[in-house]
Amino acid sequence: MAGAGISTASGIPDFRSPESGFYSSLQRCDVPYPEAVFELSFFLDNPRPFFTWAKSMYPGNFRPNVIHYFLRLLHDRGLLQRLYTQNIDGLERASGIPGSKLVEAHGSFASATCTGCGKASTEQDFWAAVMADRVPRCAACSGLVKPDVVFFGEALPQRFFLHLVDFPTAELLLVLGTSLKVEPFASLSEAVRSSVPRVFMNREAVDSWRPRSRDVVQLGDLVDSVERLVELLGWTEELRDLVQRETEKLSRPDS
Ligand code: APR
Ligand code: ZN
C-alpha cells in the first residue's frame with residue numbers, strides 16, 4: 001500500500017505534511033478548506049485551484065525514485081502480489097511495474113472525461129490546455145473536462161475491488177508513505193490475516209494504525225528506511241543496477 005510519501009523524493013509534495021504539503025500551500029488560495037480542491041461541487045464551480053495543482057503535477061516533470069524501483073524489484077523477483085497506490089502521479093507505472101500488478105485506487109491522469117456529456121478527452125488535449133493555463137473544455141459540448149482522478153465522494157475504480165482477493169491471501173503487507181487518513185483505502189491495512197506481518201514505513205506514526213503483535217513500524221525518511229531494508233535483504237547492488245538501467249532508459253529522448 002503506498003501514499004504520497006513515496007513520491008516526495010521525486011520532488012512531488014505530499015498532501016498533509018506541515019509546511020511542505022500541498023494542503024498547507026493552499027492557505028493563500030481562494031478555497032474554503034484544502035480538500036475542497038478535490039470535491040466535484042467546488043471543482044465545477046471553480047476549477048482553477050485544481051488545474052493549478054494539476055499543472056504542478058505534469059507527468060513529464062518527474063521520475064520514479066529508489067522507493068518505486070524497490071517495489072519494481074519486488075515485482076521482478078516475483079514477490080509483488082499487487083501494489084495499491086493512492087498516488088495519481090503514475091510513477092509506479094513509469095518504474096516498469098506492469099498495470100496488471102497495479103491498483104491506482106485514486107485514479108490517474110492517464111485519461112480525462114467531460115463532466116457534461118461523459119465524452120473521453122485525450123491525455124494530449126488535456127495537458128495542452130492545462131500547460132497553457134486554459135481550463136480544458138469538451139470539444140463536443142464545451143463542458144468541463146476532468147482527469148480520471150478520484151474526487152472525494154466519487155466511486156473508486158473497479159480494480160480496487162481486487163483487494164477482496166489480494167488482502168486475504170497476502171503473506172506480507174508493506175504500507176509506505178501514507179497518513180492512512182482517506183477511506184476506503186486506509187482500512188485495507190486491517191484487511192490482511194492476523195498472522196500476516198505488516199511493515200509500516202513513514203516519517204511519523206499515524207493514529208489510525210492499530211498495532212498488531214507481528215507489526216514492524218519503521219519511522220523516519222522513507223528512502224533511508226527502504227535502503228536499510230534492501231541492505232538487510234542483500235539486494236543493494238541489484239537495486240542500484242536497476243535504478244541505473246531504468247534512469248538511463250527514461251533519459252533517452254525517445255522514451
Ligand atoms: N519519508 C517518510 N515519510 C514521508 C516522506 C518521506 N520522505 N514524505 C512524506 N512522508 C509521509 C508524511 O509524513 C505523511 O504521513 O507520508 C505521508 C503522506 O501522507 P498524506 O500527505 O496524507 O498523503 P496520502 O496518505 O497519500 O493521502 C491520501 O488524501 O488528499 C487525498 O486523494 C488524496 O491520495 C491522497 C489521499
Ligand atoms: Zn462534453
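As the structure lists them, so they are numbered: ligands from 1, and atoms in each ligand from 1.
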[atom]: the protein heavy-atom neighbour that sits closest, reported with distance to 0.1 Å:
atom                    : result
atom 8 (N) of ligand 1  : Thr8 OG1, 2.9 Å
atom 16 (O) of ligand 1 : Asn202 OD1, 3.2 Å
atom 30 (O) of ligand 1 : Tyr23 OH, 2.5 Å
atom 10 (N) of ligand 1 : Gly5 CA, 3.6 Å
atom 32 (O) of ligand 1 : His106 ND1, 3.3 Å
atom 1 (N) of ligand 1  : Leu222 N, 2.8 Å
atom 19 (O) of ligand 1 : Ser179 N, 3.3 Å
atom 35 (C) of ligand 1 : Phe15 CE1, 3.6 Å

Is any NZ, NE, NH1 or NH2 atom of the basic residue among [X] and [Y] found under 4.0 Å from an Asp or Glu carboxylate oxygen of the other?
X      : Y      : result
Asp76  : Arg72  : yes
Glu154 : Lys146 : yes
Arg212 : Glu190 : yes

For [X], take its heavy atoms, then give the atoms of ligand 1 lying under 4.0 Å from any of them.
X      : result
Gly3   : 26 (O)
Gly177 : 16 (O), 17 (C), 18 (C)
Gly220 : 1 (N), 2 (C)
Ser17  : 12 (C), 13 (O)

Minimal non-hydrogen separation, Thr178 against Val206, with atom names
O-CG1, 3.9 Å
Can you find a non-hydrogen atom of [X] under 4.0 Å from ligand 1?
X     : answer
Gly21 : no
Ala9  : no
Ala2  : no

Using the six-membered ring wherever Trp is involved, compare the ring planes of [X] and [Y] and label them parallel, tilted or perpendicular (cut-offs 30° and 60°).
X      : Y      : answer
Phe70  : Trp235 : tilted
Phe15  : Tyr23  : tilted
His163 : Phe167 : perpendicular

Is the [atom1] atom of [X] crowded by more than 12 outside heavy atoms at less than 6.0 Å?
X      : atom1 : answer
Glu183 : CD    : yes
Glu204 : CD    : yes
Glu238 : CD    : yes

Under 3.5 Å, N or O to N or O, is [X] touching ligand 1 that way?
X      : value
Arg203 : yes
Ala4   : yes
Val206 : no
Phe152 : no

Hydrogens and angles aside, do Asn202 and Trp209 bring a side-chain donor and acceptor to less than 3.5 Å of each other?
no
Is a donor from one side chain sitting under 3.5 angstrom from an acceptor on the other, for Thr8 and Asp14?
no
Of the listed options (Arg16, Glu204, Gln86, Glu35), which comes nearest to atom 31 (C) of ligand 1 when hydrogens are ignored and any heavy atom counts?
Arg16
So among Trp127, Phe43, Phe109, Tyr58, which one has a ring pair (Phe, Tyr, Trp, His ring centres under 6.0 Å) with Phe51?
Phe43
To the nearest 10°, how many degrees is the angle Cys117 SG to the Zn ion (ligand 2) to Cys141 SG?
120°
Heavy-atom distances under 4.0 Å decide this one: backbone, side chain, both or neither, for Val182 against ligand 1?
side chain
Applying a 4.0 Å heavy-atom criterion (strictly less than), which segment of Asp221 is in contact with ligand 1: side chain, backbone, both, or neither?
both
Determine yes or no for a side-chain-to-main-chain donor-acceptor pair under 3.5 angstrom, with Arg214 supplying the side chain and Pro197 the backbone.
no
